[in-house]
Amino acid sequence: MDGGPFDYPHGGAAMTSETKTERYAPGTIEPKWQAHWASTGLDATPDDSDKPNYYFVTMFPYPSGDMHIGHWYAMAPSDCEARYIRMKGHNVLFPMGFDAFGINAENAAIDRGIHPAAWTDKNMAHWREQFRSLGASIDWRREVVTCYPEYYRWNQWMFLKFLEKGLAYRATAPVNWCPRDETVLANEQVINGLCERCDTPVVKKDLTQWFYKITAYADELLRFDGLDWPERVRVMQQNWIGRSEGAEIQFPVEGHRDAAIRFFTTRPDTIYGATFMVLAPEHPLVPAITVPAQKAAMDAYVATARTESEIERTSAERPKTGVDTGAFATNVFSGQRIPIWIADYVLASYGTGAIMAVPAHDERDFAFAKANGLPIKEVISADGEEHAGLEAAYTGPGRMVRSGPYSGTPSEVGKRTIASEAKKTGIGTPSVTYRLRDWLISRQRYWGTPIPVVYCDTDGIVPVPEDQLPVVLPRDVQLTGRGGSPLAKVDAFVNTTCPKCGGPAKRETDTMDTFVDSSWYVYRYPDPKIDSFFMNVDVAKKWLPVRRYTGGIEHAILHLLYARFVCKALRDLGYLWFDEPFLHLRNQGTIVFKSRKMSKSRGNVVAPDEYVARYGADTLRLFIMFMGPWTEGNDWDASGIEGTWRFLNRVWGIGLGERTSSGTRDAELDRAVQRTIKKVTDDLEGYRFNTAIAAMMELSTAIFHAAGPSRDGATDALVLLLAPFAPHIAEELWERRGGTGSVHRQAWPAYDASAAKDAVVTVVAQVNGKVRDRLELPAGTGEEALKRAALASAKVVQAIGGKPVDRVIVVADKLVNVVTER
RNA sequence: GCCGGCGUACUCCAAUGGUUAGAGAGAGCCGCUUUAAGAGCGGUCAAGUGCGGGUUCGAGUCCCGCCGCCGGCACCA
């Protein structure tokens, strides 16, 4: 392989035998059309058009390193869909931008001494080129870049609005801390106890941080009314939100008149079986109630719990450990005096951080009771009888036993009865708890949006006034990756004056989680230049909400949940007129290499460039879409790319063939065209690119072997069908075949369902499910006629062998099954 | 452990409950073509659908129980 920048595998010869034609040279035609489309503004979408507007967004990337095959896998099929919808007659806005803040830029600065801004700019420039080389039909005039002050000032503005509305707040809480990135993380960014970014085990730290009150929308976020979203994403979000119904009840602590322990339970019906209580080690009452004799043991246990990583603490397999506080509570239902323990299997962050332990009916409490010799009392019985000596916790339903006046009550009824009884006596209330936590948005990192508040000795926390936004991220900063927020070391940034009293004040030095940036970017695309508001309402009204959204399944919870929350919050603030940002969502599966997720750190990244150089972007686009169902993902294996290359060469050869108007039409080819149009259309509606391409391959083979006028029409249709998939070759052939304008401005071919059908069909004649004969009959033959025809078949008669016919099943145009008595 | 998804030729994948499981592609093999070729054309080999039951006139497809792989959740009270 030598010569120019483009070396083709094997000549790419055109295939018509009699005429020598020019070979297919994507290296020439692809850059030519890319430049042409850019200069003629083909992808620049007008806000007003005679066609209906259609807003189609695919998730914007984080411009770290280069585009790899995984990004093509996300992008090429989305671009194909956007082009298809355009040809279907819509004015499609298909924008792109960059999720440009993030820790990678900062790490690059630390490792290589490049400023994050410079690193990001360089990457974005490269990415734009790569998008171009892929042939993506992006309206670049609407590009959104989140690290520019024009953009992130609106993060700050929204923060102030949220603050006014009580949706943003500052609180001290045990939060997730990544020791390697030296920053806190939101719950969603902790995957199996590891930092989502760097896989470092996360630990808990008590810190004062900023939160967004996403839990205020927990119930609404559980609803997906009117949304066309994949089932699995909805289920993942529902699991994540984790709604559970129960009751919050409190038991008084003996000897502490004003202390009561509040706990949440989903099983109020088991309350008579609460033989002890357990507090989380971090529970605020622990120091107050621990008896002096237990103080030392308690301190040691709490200290250990705090240093353990989340992965250790939340492992379900580890033995249940804990320490007795020496204090007692009163189970106000059973009247019993019950000990109060602490144990790390109770989480400070869920419910109230305390539980009533019912060892007989909870596996964890059972294990803990066994390990520490605590009493186990059966209060729910499957058969309604009392038993002694439970072998294991019984967590199922049954009748209440040993439960005073409630004995005999079915447990399901008891849940409600006990909860309302607790309410009546003023010690509790029915309650709902969520697994979802508020969104921790503070980050102790540099490359993000400064949180717009100042701290004043006189006035406390003071929001930066709107007219002083943006709070610009200072450029001069020492980045070491150590020692807390980098901004804290920039005196010129930190030291400011209080907007209220004018006295000296200090700025907040944490920045925002970058998921804040991506939670609303789709509102900015319609007019990213507007500086008077976060969006241009007049223009946005023509587009929003997003009609179709595509992106990786890895964002099923993180980005998609945050974006839904921000949408609802902005709606309630009066800025948006819809409830959900993305009406229709489809997620591509993950493309892996040698069964492992592609990532730069694992060193298994596959670059598209060499394939583009060898086969062209169209072949690679096609191959990526041909590999299998897009929503499933796949293992990268380029060995089949020859197939799509051969296909495009065949299309090229066909496309350059002479037009013929003489001769008779080929009815079979005409039908094949109709069938293919229907198949490709249906498949594109369902994102089934692989089968759509297979259908086009089939058609190309049929055209190859055909001649005459039908061939011309078939080829024209094929070029149109191929346009969304392989935009460059389709454009080139469209032009060479004398088409006017761009192929991408043509109407999607329509099909005639009746013309797609064969005139004659083969109907199978079965006897007892076994095929005995085949009948060639006109399509649409009636049921009775089919039955008669089958029963007239000598082979069928022979197979029946004189046995009485029980019944005859007829499927139109398919089969007749004669069922005999046996 | 719980919840999803998937399991079909050597490989990637097709198949509204309906013909003898094959649309398409790769690999292999054979032939043709070509000055030659790693190009092109045609052909061919190859699974009875992870396992076991069931429903049905008919099951890859529906149901039940297992097994395996992938993903999500997981001491959440």
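Sequence lines set the chain letters: A, B, ... in the order given, protein chains first and strands last, and positions in each chain run from 1. Owing to the predicted nature of the structure, the values given are computational and were not obtained by experimental measurement.
Straight-line distance from the CG atom of A/Asp635 to the C1' atom of B/U11: 12 Å, rounded to whole Å. For the pair A/Leu648 CG and B/G40 C1', the interatomic distance rounds to 16 Å; values are reported in whole Å. Put simply, CG on A/Asp682 is 12 Å from P on B/A15, counting in whole angstrom units.
Side-chain contact check for A/Ile800 versus A/Thr820: some heavy-atom pair is nearer than 4.5 Å. Proximity of A/Ile729 to A/Tyr24: side-chain heavy atoms (C-beta onward) are separated by under 4.5 Å at one or more points. For the pair A/Trp341 and A/Thr325, the minimum side-chain heavy-atom distance is 4.5 Å or more.
Here A/Glu632 lies in heavy-atom contact (under 4.0 Å) with sugar-phosphate atoms only. At a threshold of 4.0 angstrom between heavy atoms, the contacts of A/His361 with the nucleic acid are absent.
Spacing of P atoms, B/C70 relative to B/C13, comes out at 15 Å, to the nearest Å.
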Just the table, please: protein N/O against nucleotides 73-77 of chain B N/O, every pair under 3.5 Å.
unit_1 : atom_1 : unit_2   : atom_2 : d
B/C73  : O3'    : A/Arg435 : NH1    : 3.3
B/A74  : OP1    : A/Arg435 : NH1    : 2.3
B/C75  : OP2    : A/Thr314 : O      : 2.9
B/C75  : O5'    : A/Thr314 : O      : 3.4
B/C75  : O3'    : A/Arg364 : NH1    : 2.8
B/C75  : O2'    : A/Tyr345 : O      : 2.9
B/C75  : O2     : A/Lys320 : NZ     : 2.2
B/C75  : N3     : A/Lys320 : NZ     : 2.9
B/C76  : OP1    : A/Arg364 : NE     : 3.2
B/C76  : OP1    : A/Arg364 : NH1    : 2.1
B/C76  : OP1    : A/Arg364 : NH2    : 3.3
B/C76  : O5'    : A/Arg364 : NH1    : 3.0
B/A77  : OP2    : A/Tyr350 : OH     : 2.4
B/A77  : O3'    : A/Thr265 : OG1    : 3.3
B/A77  : O3'    : A/Thr266 : N      : 2.4
B/A77  : O3'    : A/Thr266 : OG1    : 3.2
B/A77  : N6     : A/Leu347 : N      : 3.4
B/A77  : N6     : A/Leu347 : O      : 2.8
B/A77  : N6     : A/Tyr350 : O      : 3.1
B/A77  : N1     : A/Leu347 : N      : 3.1

Listing time: all N or O pairs from protein to nucleotides 23-28 of chain B that are below 3.5 Å?
unit_1 : atom_1 : unit_2   : atom_2 : d
B/A23  : O2'    : A/Glu698 : OE1    : 2.3
B/A23  : O2'    : A/Glu698 : OE2    : 3.3
B/G26  : OP1    : A/Arg646 : NH1    : 2.1
B/G26  : O2'    : A/Ser639 : O      : 3.2

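At a cut-off of 3.5 Å, with distance as the only test, a side-chain donor of A/Arg650 or A/Thr701 sits close to an acceptor on the other residue.
When base pairs are accepted only as Watson-Crick or G-U wobble with both N-N or N-O distances under 3.5 Å, RNA chain B takes part in stems of 3 or more pairs at B:1-7 with B:67-73, B:10-12 with B:24-26, B:28-32 with B:40-44, B:50-54 with B:62-66.
Of the side-chain N and O atoms in A/Asn649, none sit less than 4.0 angstrom from OP1 or OP2 of B/A39.
Shown here is A/Gln238, whose CD atom has more than 12 heavy atoms of other residues, nucleotides or ligands within 6.0 Å.
Under the 30°/60° scheme for interplanar angles, the aromatic rings of A/Trp630 and A/Tyr687 are found to lie parallel.
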